[in-house]
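Before any comments, here is the structure.
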Amino acid sequence: MRAIRVATNGGPEVLELGEVEAPEPGPGQLLVDVAAAGVNFIDTYQRSGLYSMQLPFTPGSEGAGEIVAVGPDVDGFAVGERVAWAMAPGSYAEKALVPASSAVKVPNGVASDVAAAAMLQGMTAHYLVNSTHEVKTGETVLVHAAAGGMGLLLTQLIKSKGANVIGTVSTDEKERLARGAGADEIIRYTEADVAAEVSDLTDGRGVDVVYDGVGKSTFEASMASLRPRGTLVLFGASSGPVPPVDPQRLNSGGSLFLTRPSLGHHLLTREELDWRAGDVFNWIASGTITIRVGGTYPLADARKAHEDLEGRRTTGKLLIVP
């Protein structure tokens with residue numbers, strides 16, 4: 001079968017398409033024909049070496065497809081069923097081994113490409129607004145990169161909870177998309193002082209919570225945008241890791257809260273996985289959220305997908321389609 005392999009850490013150029021032996025499912029595993037694989041910033045972190053992976057490896061931790069073989073000691077799944085997954089490596093390939101413990105069935109009415117696009121970012125958005133900081137009616141929330149895949153999902157979910165969204169974007173097209181998702185106010189971070197704009201928009205109060213997946217380049221503005229006892233949720237680092245922070249800054253900033261969560265710590269049990277994935281699929285079916293696929297790429301163009309993602313030339317979710 002064909003798969004993308006990373007033999008050495010580096011830039012997008014280290015993503016190489018090759019022929020590898022098709023795997024056989026072992027105990028607790030499913031073998032899946034991959035219909036689509038999600039492209040996420042975590043893939044770029046693993047490719048570059050920021051997040052350590054044993055080399056060589058096939059990137060991609062999210063996807064959806066049809067089961068073609070079931071390994072021993074697997075209950076509840078059968079050949080021919082459609083499943084989706086996140087937090088399972090090896091999805092940039094024609095076939096993927098998926099732990100049954102990480103797989104969820106895709107309900108009728110949800111296309112496989114939509115399921116692949118929804119799993120990692122959808123469940124991340126779920127825990128961010130329900131568990132990390134439970135968004136409440138009347139709150140005001142700052143969402144960075146509001147036209148990206150995560151930003152569009154967060155904006156829709158925050159609005160569904162009755163809160164107000166201030167989104168940051170860089171272009172007219174991205175502003176249109178963010179407003180279409182429900183953003184109440186937009187700040188052009190390339191043209192304005194974000195913290196000053198937030199202060200103006202909130203009459204000097206600041207926002208209740210900031211969802212920041214950008215990291216290094218937005219961290220200072222995020223801290224300065226919070227109300228006293230506000231929460232900065234740093235869930236990614238697309239611009240690079242944030243330098244060490246003196247905890248005293250949280251005190252001087254207004255007894256602030258800072259957290260750096262990850263999806264893995266919010267899928268500790270099968271019950272959590274079923275809750276979060278089930279809600280995401282229900283939101284799609286009910287129209288609470290719309291999954292925007294901003295681009296699809298064949299396996300051979302995985303390098304281009306990473307270049308576009310890291311170059312911030314994209315909106316919505318990117319998919320690789322074997």
Side-chain angles (χ1 to χ4, degrees), residues 1-72 74 83-103 112-113 116-117 119-121 124 149 215 236-241 262-265 267 295-311 313-314 317-322:
M1 71 174 192
R2 297 185 309 150
I4 297 295
R5 299 292 282 170
V6 174
T8 183
N9 294 126
E13 70 278 0
V14 304
L15 298 171
E16 296 185 351
L17 178 64
E19 291 283 340
V20 299
E21 186 175 351
E24 294 290 335
Q29 293 181 322
L30 308 171
L31 181 63
V32 182
D33 270 340
V34 179
V39 180
N40 297 286
F41 271 104
I42 191 173
D43 304 343
T44 71
Y45 304 157
Q46 292 171 346
R47 184 210 70 220
S48 69
L50 180 63
Y51 288 4
S52 179
M53 297 286 287
Q54 183 175 344
L55 299 170
F57 71 95
T58 294
S61 60
E62 171 190 44
E66 183 177 312
I67 299 172
V68 293
V70 177
V74 173
V83 293
W85 62 91
M87 307 297 291
S91 299
Y92 288 14
E94 292 179 324
K95 299 181 188 296
L97 284 177
V98 179
S101 59
S102 299
S112 293
D113 60 340
M119 283 295 288
L120 192 147
Q121 291 183 338
T124 297
S238 62
S239 69
S262 65
L263 179 59
H265 295 140
L267 297 176
T296 59
Y297 304 75
L299 270 177
D301 287 345
R303 171 178 177 174
K304 180 68 162 55
H306 278 217
E307 290 172 344
D308 288 348
L309 183 66
E310 292 180 295
R313 295 189 290 270
T314 66
K317 180 75 176 189
L318 304 186
L319 294 177
I320 287 177
V321 179

message: If you define the side chain from C-beta out and look only at heavy atoms, does anything of Y92 sit under 4.5 Å from D43?
response: yes
List the atom pairs, with distances to 0.1 Å, where a side-chain N or O of residues 46-54 and a protein N or O form a donor-acceptor pair under 3.5 Å, not counting sequence neighbours.
| from | atom 1 | to | atom 2 | distance (Å) |
| --- | --- | --- | --- | --- |
| R47 | NE | G10 | O | 2.9 |
| R47 | NE | G11 | O | 3.3 |
| R47 | NH1 | H306 | ND1 | 2.9 |
| R47 | NH1 | E310 | OE1 | 3.0 |
| R47 | NH2 | E310 | OE1 | 3.2 |
| R47 | NH2 | E310 | OE2 | 3.2 |
| S48 | OG | T44 | O | 3.2 |
| S48 | OG | Y45 | O | 3.1 |
| S48 | OG | L50 | N | 3.3 |
| Y51 | OH | R260 | NH2 | 3.4 |

task: Could you check if a side-chain atom of V321 sits within less than 4.5 angstrom of a side-chain atom of D113, using non-hydrogen atoms only?
output: no
- prompt: Where do V74 and A100 come nearest, in terms of heavy atoms and distance?
  reply: CG1-CB, 3.9 Å
query: Do side-chain atoms of S61 reach the backbone of A86 as a donor and acceptor pair under 3.5 angstrom?
result: no
task: Taking the side chain as every heavy atom from C-beta outward, state whether V20 and M1 have any pair of such atoms under 4.5 Å apart.
output: yes
- prompt: Considering only heavy atoms from C-beta outward, does the side chain of V39 approach that of Y297 to under 4.5 Å?
  reply: no
- request: Quick one: pull up CD1 in I42 and CG in L263 and give me the separation to the nearest 0.5 Å.
  value: 8.5 Å
query: Checking E66 side chain against D33 main chain: does a donor-acceptor pair fall under 3.5 Å?
result: no
Closest approach of A93 to L299 (non-hydrogen atoms, all atoms of both residues): N-CD2, 3.9 Å
task: Drop me the distance from N9's CG to L55's CG, to the nearest 0.5 angstrom.
output: 5.0 Å
field: Atom pair CG (L319) and OG1 (T296), whose distance is rounded to the nearest 0.5 Å
entry: 7.0 Å
- prompt: Around atom CD of E13, are there more than 12 heavy atoms of other residues, nucleotides or ligands at under 6.0 Å?
  reply: yes
field: Test item: K317 and N40 side chains (from C-beta on) under 4.5 Å apart, heavy atoms
entry: yes
message: Once rounded to the nearest 0.5 Å, what's the spacing between atom CZ of R303 and atom CG of L17?
response: 13.5 Å
message: If you define the side chain from C-beta out and look only at heavy atoms, does anything of E307 sit under 4.5 Å from R313?
response: yes
message: Looking at every non-hydrogen atom in both residues, tell me the closest pair between P59 and L15 and how far apart they are.
response: CG-CD2, 4.0 Å
- prompt: Is a donor on one side and an acceptor on the other found under 3.5 Å between the side chain of D301 and the backbone of P298?
  reply: no
query: Nearest heavy-atom pair of M119 and A84: which atoms, and what distance?
result: CG-CB, 3.6 Å
field: Point-to-point distance, once rounded to the nearest 0.5 Å, from CG of L31 to CG of L97
entry: 5.5 Å
task: Taking all non-hydrogen atoms of both residues into account, name the closest pair between V32 and V83 and its distance.
output: CG2-CG2, 3.9 Å
4.5 Å side-chain heavy-atom contact, R5 and P56: yes
query: Looking at side-chain heavy atoms only, is the closest gap between V70 and P25 below 4.5 Å?
result: no
task: Taking all non-hydrogen atoms of both residues into account, name the closest pair between P322 and V34 and its distance.
output: CG-O, 3.6 Å
message: Treating S91 as the side-chain partner and G60 as the backbone partner, does any N or O pair qualify as donor plus acceptor under 3.5 Å?
response: yes
- prompt: From S102 OG over to E62 CD, what is the distance, rounded to the nearest 0.5 angstrom?
  reply: 12.5 Å
